[in-house]
Amino acid sequence: MSASEWPSLDDVANVTEFDTFRMRKVAQELEDYVAGFTGPAFSEGYTTGSAASVETSGNLSGHEVGEWPAARTFGETVAAGAATDGRIAVLAQVYAEFVAQYNEVIKAIRASAKEYDGANAAGGAGNG
């Protein structure tokens, strides 16, 4: 395959650039919320929304979760395992998986920024 068959290889005007400083800023903003997911169950007498909070106070029904499509699907997921594992255990498991994947997104953004920095440095460009 020749270079002319690859989009953007010869067309300098259509080259995509990534702002790695901004990518890292987004990763940091996402990471700022991690403490809320992993913190204590209660603070100042209120549940916090953390995984520990879900484990202790997560016995929610579909009505409490909500009626919009995503909430209904989430409620069905929790209810599906509730018959065998208990509602709180299933909700806590789903929440823990969310937190784990959230952290993976942060790692992926940072890894991408590092790769783009390396490519930019090799190509003589760079902005992060």
Side-chain angles (χ1 to χ4, degrees):
M1 183 177 272
S2 71
S4 62
E5 295 175 297
W6 288 79
S8 298
L9 282 181
D10 292 328
D11 188 359
V12 182
N14 290 324
V15 173
T16 302
E17 293 185 21
F18 295 91
D19 184 341
T20 58
F21 175 79
R22 189 169 179 203
M23 291 170 76
R24 286 187 178 86
K25 184 176 178 191
V26 167
Q28 184 58 53
E29 289 174 4
L30 291 172
E31 192 168 54
D32 289 346
Y33 288 99
V34 171
F37 300 143
T38 59
F42 299 95
S43 178
E44 298 179 9
Y46 296 97
T47 57
T48 61
S50 69
S53 172
V54 171
E55 288 177 15
T56 59
S57 306
N59 195 11
L60 303 175
S61 68
H63 174 73
E64 293 163 317
V65 172
E67 295 299 319
W68 65 94
R72 279 197 304 270
T73 301
F74 178 68
E76 291 167 6
T77 300
V78 172
T84 57
D85 296 334
R87 183 171 301 197
I88 294 174
V90 172
L91 183 58
Q93 179 184 357
V94 170
Y95 195 86
E97 183 61 27
F98 162 75
V99 173
Q101 293 304 314
Y102 187 93
N103 282 313
E104 290 301 314
V105 166
I106 295 168
K107 288 179 191 175
I109 292 171
R110 287 201 170 113
S112 293
K114 183 178 179 181
E115 288 295 319
Y116 284 116
D117 278 343
N120 288 340
N127 63 0

[X]: which residues meet the side-chain contact (heavy atoms from CB on, under 4.5 Å) condition with it, sequence neighbours left out?
X	result
Tyr33	Phe37, Tyr102
Ser43	Thr48
Arg22	Asp19

For Glu97, side chain to side chain donor-acceptor pair (under 3.5 Å) partners two or more places apart: Gln101
Residues forming a side chain to side chain donor-acceptor pair (under 3.5 Å) with Gln28, sequence neighbours excluded: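 For Gln28, the residues satisfying side chain to side chain donor-acceptor pair (under 3.5 Å) (neighbours in sequence not counted) are Asp32, Arg110.
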Donor-acceptor contact present, side-chain Thr20 to main-chain Met23, <3.5 Å: no
Ile109 vs Ile106 side-chain heavy atoms within contact, under 4.5 Å: no
Ser50 versus Pro40, closest heavy-atom pair with distance: OG-O, 3.0 Å
Single-linkage hydrophobic cluster Tyr95~Phe42, side-chain heavy atoms < 4.5 angstrom: no
Salt bridge (charged side-chain N to carboxylate O under 4.0 Å, His left out) partners for Glu104, two or more places apart: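 Testing Glu104 for salt bridge (charged side-chain N to carboxylate O under 4.0 Å, His left out), a comparison that skips the adjacent residues, returns Lys107.
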